[in-house]
Amino acid sequence: MPELPEVETTVRGLRPVLEGQRIAGVQVRRPDLRRAFPEDLGQRLTGATVTALGRRAKYGLIDTDRGDTMVFHLGMSGHWRVDPAELKPHDHLVIETGAGRRVTLNDARRFGSVELWPTDALADYPPFVGLGPEPLGPEFTADGLAAALKGRSASIKTMLLDQRIVAGLGNIYAVEALYEAGISPRRAAGTVSRKRLARLVEAVHHVLEAAIAAGGSTVRSYASPDGELGHFAMQLHVYGREGEPCECGGTVKRYVEGGRSTFWCPRCQR
DNA sequence: CCGACAACCTGACGGC
DNA sequence: TGCCGTCAGGTTGTCG
């Protein structure tokens, strides 16, 4: 589930629990996700105080007063649980605060990752090298996008998923943004007009902001029974709606590209 | 550069 | 009810 809005929602949910708090205990119940955790993860975190939480692309950042940042990625199935009544299967990592709060990192498929990296050198964290601009930041512009896509023959959908072009979009929101912009996902990226790229940038902003807003309300109240962060249902226009009618009177179609489903309306996306 | 495919894992769901 | 195939929001690598 985790694209940028889900990670942002997760970080916002963890912030009031962890920020300014001392980490009283760390329990590693399984030592690896996609890669092994750092050997000394527990020692390096225990006793540290969390100074800030943040996000870069689809990665969550937990800074500590020891100069380390815990960088986590949620993969396909990862999520944090806040003050769960009891531990569940796939709660691989448990962090307890001095205030007696408890959060767990649960990831059934284990495509996620956890790493510790010097806070002042995060730009050198290998997954961050070469990342494109934040889609909600000032550097994600129609001009920048046009420059990055110039001459590219790959589909615009593929390019939106390329984290070097823009960092944080995943399959759902790439699909939804293209729908909102009225652009066919199959169109060669380099042939999309500057005017339509401007529309796409606006659509990306709108889709992500709406998703974050939808998640925010969930987080504020911890509405999910077991405190699971990043779970919310935003209204999606085409994703997962193969065969359903589009508002324009057309029908939502699906095709597979690069092993991933793309949903679109051929009538209103050109 | 590009598309296709596989690999990494587990769980949910539909069909029979 | 149970078994089996398919699919899932990500990343990384290979191959032609």
Side-chain angles (χ1 to χ4, degrees), chain A residues 1-11 29-37 55-60 71-80 88-93 105-115 125-132 135 147-179 185-191 204 207-208 210-212 214-215 218 224 226 228-243 254-264:
Chain A
M1 49 118 194
E3 297 181 33
L4 182 152
E6 288 78 13
V7 179
E8 180 64 31
T9 297
T10 294
V11 165
R29 305 180 74 227
R30 164 157 193 149
D32 59 314
L33 293 178
R34 175 159 204 171
R35 299 184 298 271
F37 292 153
R55 178 191 60 72
R56 171 72 172 116
K58 299 174 192 172
Y59 292 82
V71 185
F72 65 86
H73 193 288
L74 298 173
M76 292 280 266
S77 55
H79 58 277
W80 287 86
K88 279 189 183 175
H90 313 300
D91 277 334
H92 304 306
L93 185 65
L105 176 58
N106 186 291
D107 187 357
R109 294 177 72 181
R110 296 185 15 250
F111 287 178
S113 62
V114 171
E115 192 58 80
Y125 179 55
F128 291 175
V129 176
L131 270 188
L149 299 182
K150 186 169 189 210
R152 301 295 296 268
S153 62
S155 73
I156 185 71
K157 156 82 184 304
T158 299
M159 291 291 96
L160 285 183
L161 289 182
D162 187 336
Q163 304 294 296
R164 296 168 296 187
I165 302 292
V166 56
L169 284 184
N171 205 32
I172 291 181
Y173 299 114
V175 160
E176 290 290 313
L178 285 167
Y179 169 78
R186 308 182 108 116
R187 178 166 291 279
T191 69
V204 167
V207 165
L208 294 181
I212 291 170
T218 300
S224 178
D226 232 356
E228 297 188 5
L229 299 179
H231 287 247
F232 57 87
M234 190 183 90
Q235 178 70 26
L236 301 176
H237 293 285
V238 283
Y239 187 88
R241 293 185 179 273
E242 181 184 15
R254 179 178 93 106
Y255 69 92
V256 176
E257 180 184 20
R260 318 201 64 189
S261 288
T262 299
F263 301 86
W264 67 305

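Sequence lines set the chain letters: A, B, ... in the order given, protein chains first and strands last, and positions in each chain run from 1. Bear in mind that the values here come from a model prediction, so they are computed numbers and not experimental data. Heavy-atom basis, side chains included; hydrogens, waters and symmetry copies ignored.
Rounded to whole Å, atom C1' of B:dA7 lies 12 Å from atom CZ of A:Arg109. Computed from coordinates, the A:His92 NE2 to B:dC9 P distance equals 12 Å when rounded to whole Å.
Taking 3.5 Å as the limit, the base of B:dC9 and the side chain of A:Arg110 contain no donor-acceptor pair of atoms between them.
A search for salt bridge (charged side-chain N to carboxylate O under 4.0 Å, His left out) contacts involving A:Arg187 returns nothing, not counting sequence neighbours. Listed by chain and residue number, A:Asp32 satisfy the salt bridge (charged side-chain N to carboxylate O under 4.0 Å, His left out) test with A:Arg110 (two or more places apart in sequence, or in another chain).
Between A:Ser153 and B:dC2, a side-chain N or O to OP1/OP2 separation shorter than 4.0 Å is present. Between A:Ser261 and C:dA8 there is a side-chain N or O to OP1 or OP2 distance below 4.0 Å. OP1 and OP2 of B:dC9 both lie 4.0 Å or more from every side-chain N or O belonging to A:His90.
Among the nucleotides C:dG9, B:dC9, B:dG3, the one closest to the side chain of A:Thr158 is B:dG3. In this structure, the nucleotide among C:dT11, B:dA4, B:dC2 sitting nearest to the side chain of A:Lys58 is C:dT11. Between C:dG9, C:dA8, B:dT10, one nucleotide has an atom nearer to the side chain of A:Ala108 than all others, and that is B:dT10. Of the candidate nucleotides C:dG9, B:dC8, B:dC9, B:dC8 has the atom lying nearest to any side-chain atom of A:Arg34. Listed nucleotides: B:dA4, B:dC9, C:dT11. Nearest to the side chain of A:Gln163: C:dT11.
Helical stems involving DNA chain C, defined as 3 or more consecutive Watson-Crick or G-U pairs under 3.5 Å, span B:2-8 with C:10-16, B:10-16 with C:2-8.
Considering every non-hydrogen atom in both A:Leu74 and A:Asp107, the closest pair reads O-OD2, 3.9 Å.
Side-chain contact, A:Arg186 with A:Ser155: no donor N or O sits under 3.5 Å from an acceptor N or O.
With A:Gln163 contributing its side chain and A:Ala57 its backbone, the two residues share no donor-acceptor pair below 3.5 Å.
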